[in-house]
Amino acid sequence: MGGKETGGKFSASSHRYSSSSWLSRFCSSARRSKPLVSPSDTSVRSSSGDGLVRRLGLLELVLIGVGASIGAGIFVVTGTVARDTGPGVTVSFALAGASCVLNALCYAELASRFPAVVGGAYLYTYTAFNELTAFLVFAQLMLDYHIGAASIARSLASYVVTVLELFPFFKGIPSWIGSGEEFLGGALSINILAPILLMLLTVVLCRGVGESSALNSFMTVLKVIIVIIVVFVGTFEIDVSNWSPFAPNGIKSILTGATVVFFAYVGFDAVANSAEEAKRPQRDLPIGIIGSLLICIALYIGVCLVITGMVPYKFLGEDAPLAEAFASKGLKYVSVLISIGAVAGLTTTLLVGLYVQSRLYLGLGRDGLLPSIFAKVNPQLHTPIHSQVWVGIVAGVLAGLFNVHVLSHILSVGTLTGYSVVSACVISLRWKDKMESEEISSSWKEGVICLITIACCGFGAGLFYRVNASLIFPILAVLVASLASLALCFRQEEVYAAPPGFSCPGVPTLPVVCIFFNMFLFAQLHYEAWVRFVILSIITVGVYAFYGQYHADPSSEETVVYRRAPREDAS
C-alpha cells in the first residue's frame, strides 16, 4: 500500500512538474522576438539558397498599392454610403483617407527599417514585440485575406458575366457559372467561373513577379484611366443644387460614413509586403505606400463629387449606383466603361491580394511557424509556388462552394488589428534602438502598458459612441487616453531618436492617434466580428502551443535573417 501510495505521489508530482515545464516553455517561446541586428549587417540567408528577385521599381510599387485599393468599391461603395450620408460622403472619404495617411506613415517607417525581405505587419510585430503576438496578427490578417479573395473572385465572376452578356452570343449564361446558384437550402452556393479565374491568376503569379506585375500595371492603368474619364464626363452633368443640403443627416452620419469607407483604402500595406522584390526598397517602399494612398484619395473624392452632383443622393442605386447615374443621363457608353473598369479593378485587387498572402506564408515558413514547404522558392521562376498554390486552392474552394459575401461583416478585423499593432511597433522599435540598461527596459514595459491603455480607451470610446451613451463616457475615455499619451511623451522622451531611412513624424503622438482611431473603428464592427476575433485568437494560440513553439527559431542560421536598413542606403 505504502509503495503504491508513494508511487501515486511520485506520479502526481511528475505530472505537475511536466505541466509546469510545458507552461514555462510555452511562456518562454511566446515571448521570443526576432533580433534587431546591427544596421551595418544587411545580408540575407535562406534555407533553400534561392530567394525572390528584385524586379519592382517605384512605378510598379505605386501601381501595386493602387491595384490593391481601387476595386469595385469605387463604383459601388461611393454610392451606397452617399445614400445615407448625402453629398457629405466626400468629407467621409477625406476623413477616412486622412486617417489612412497616418497609418501609412507608420507603415512607411517600418518598411524603410526592414527593406530586406517579406513579412509586413507580421515581421514588424515579431521584431518589436514577440513571437505569439506576431502569429496572432498573421492569423487575423490571413482570414481577412482568404475570405476577401473568395468574395472578390465571386464579384469578378459576376462582372465578367455582365460584360460577356453585352454580346448576343453569350446571352442567358446560367447562374451557376458566374452569379452563383444555391443548393441544399443555401448551405452551398455553386460558382464555376470564380475558381477558374483564381486558377488563372495563380498561374500568372507562379510564373514570376515580372509577369504578375505587368498584368497588374496594365489593369491598374486601365481602371485609373476609366475612372478619370468617368469623372471628366460626369463633371459636365453636375447640378450643384444636388449638393444642398450637404449633410442632410447631420455630422454624425458623415463620421459614421468615414468608419464605413475607411476599408475602401485598405491595400497600401501590400507595398510593404513587396519588400524582397523591390529594386531599391528603402527609398521606394515609403514613396510607394504614401503615393498610392494619395492617388486613391484623389480618385475617391472625384467620384464622390460627380455622383452626388449628377443625381440627388436619395435616388442613387444600391448595386451599381455609378453606372445607373450615367445611364439615367443617357450616357450608356459610360456605363459600359464602368463595367469594364470594375472588371479591371477587381482583377488587380484579387491579383495583389493573392500575391500578398503567398509572401506572408513564405515569411512564416522561413521562421518555422508553419511547415517548411511554405518557405520553398522555385529556383527557376523565383516564386514561392507552394505558398501561392495553397493560397489559390483555399480561395478557390471558398469561392466555388460558398456564398462568402454573407461573411463580409466579419471582415476588417484583421486589418484594424494589424494597423493598430503596426502603429505600436513604430513606438516600440524606437525604444528598442536605445535599450541599453535595465532602466530603459523598465520604461519599455511601462510604455507597453500605456499603449494597451490607449487601445482599450479607443475601443471604449467607440463602443460608447455606438450605443449612444452619455457624452461624458467617450470624453472620459479620451481623457484617460490623453493622459497615457502624455506619459509616453514625457516618460519616454529620451528614446524617440529618428531611425535611419524614412522617419514617421510626430512619434509617439501620431502612432497613438492611429491606435486610438483604429480601435474606435473596431468597436463599430458587427458583434459577430468580435466573436470571430476571440475564437480565431484561441485557435491560433492552440496551433502555436502544439506546433509553432516547437519549430520556430527567430535566430536560426537556416532561416532568413531580417536586417535593419543601413544609413548609407537611405539616399
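If you read the sequence from its start, that first residue is 1, and numbering goes on from there.
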- Walk me through it: do Leu521 and Tyr419 pass the test side chain to side chain contact (heavy atoms under 4.5 Å, CB included)? CA-CA 11 Å; Leu521 292 178; Tyr419 284 6; over 6 Å; no
- Test side chain to side chain contact (heavy atoms under 4.5 Å, CB included) applied to Val421 and Tyr124, step by step: CA-CA 9 Å; Val421 175; Tyr124 310 148; over 6 Å; no
- Message: Can a donor-acceptor pair be found, under 3.5 Å and without considering hydrogens, that links the side chain of Arg113 to the backbone of Val426?
- Response: no
- Message: My understanding is that only residues two or more places apart in sequence, or in another chain, count here; which of them pass side-chain hydrogen bond (donor to acceptor under 3.5 Å, both in side chains) with Ser212?
- Response: none
- Taking Ser274 for its side chain and Ala270 for its backbone only, find out whether a donor-acceptor pair lies under 3.5 Å. yes
- Item | For Arg54 against Ala275, the heavy-atom pair lying closest together | NH1-O, 2.8 Å
- Could you check whether the rings of His146 and Tyr361 sit parallel, tilted or perpendicular, using 30° and 60° as the cut-offs? tilted
- When you measure from the side chain of Ser253 to the backbone N and O of Gly250, does any donor-acceptor pair fall under 3.5 Å? yes
- Sequence-distant partners of Thr202, side-chain hydrogen bond (donor to acceptor under 3.5 Å, both in side chains), two or more places apart: none
- Sorted by chain and residue number, the salt bridge (charged side-chain N to carboxylate O under 4.0 Å, His left out) partners of Asp144 (sequence neighbours excluded) come out as Arg532
- Item | Atom CZ of Phe246: over 12 foreign heavy atoms under 6.0 Å | yes
- Side-chain contact test, heavy atoms from C-beta onward, threshold under 4.5 Å: evaluate it for Phe138 versus Thr125 and give yes or no. no
- Query: So which heavy atom on Leu381 is nearest to which on Ile385, and how close?
  - Reply: CD1-CD1, 3.7 Å
Show the atom names and distances, to 0.1 Å, of all donor-acceptor pairs under 3.5 Å that link a side chain in residues 333-347 to residues at least two apart or in another chain.
| unit_1 | atom_1 | unit_2 | atom_2 | d |
| --- | --- | --- | --- | --- |
| Ser335 | OG | Ala323 | O | 2.9 |
| Ser339 | OG | Ser335 | O | 3.3 |
| Thr347 | OG1 | Val343 | O | 2.7 |

- Check whether any side-chain N or O of Ser92 sits under 3.5 Å from a backbone N or O of Ile254 as a donor-acceptor pair, and report yes or no. yes
- Report, as yes or no, whether the 6.0 Å neighbourhood of atom NZ on Lys252 holds more than 12 heavy atoms from other residues, nucleotides or ligands. yes
- Message: Please give me the minimum heavy-atom distance between Tyr265 and Ser69, naming the atom from each residue.
- Response: O-OG, 3.2 Å
- Task: Would you mind checking if Glu276 and Arg359 are paired as a salt bridge, meaning a charged N to carboxylate O distance below 4.0 Å?
- Result: no
- Query: Got a sec, which residues hit ring-ring contact (aromatic ring centres under 6.0 Å, His included) with Tyr145, two or more places apart in sequence or on another chain?
  - Reply: none
- Return the minimal non-hydrogen interatomic distance between Ala194 and Ala399, and the atom names on each side. CB-CB, 3.9 Å
- Lys329 NZ/CZ over Phe236 ring centroid, <6.0 Å and within 45° of normal: no
- Looking only at non-hydrogen atoms, find the nearest pair between Leu510 and Cys106 and report the distance. CD2-SG, 3.9 Å
- Item | Side-chain donor or acceptor of Thr308 paired with backbone N/O of Pro87 under 3.5 Å | no
- Indicate the ring-plane relationship of Phe522 and Phe533, choosing parallel, tilted or perpendicular according to the 30° and 60° boundaries. perpendicular
- Query: Considering residues at least two apart in sequence or located in another chain, which fulfil the salt bridge (charged side-chain N to carboxylate O under 4.0 Å, His left out) criterion with Glu60?
  - Reply: none
- Message: For the backbone of Asp84 and the side chain of Asn249, can you confirm whether one donor and one acceptor N or O come within less than 3.5 Å of each other?
- Response: yes
- Message: Within the supplied structure, the quantity of interest is the number of heavy atoms (other residues, nucleotides, ligands) at a distance under 6.0 Å from Trp243 CH2; does it exceed 12?
- Response: yes
- Task: Could you check if a side-chain atom of Asn191 sits within less than 4.5 angstrom of a side-chain atom of Trp176, using non-hydrogen atoms only?
- Result: no
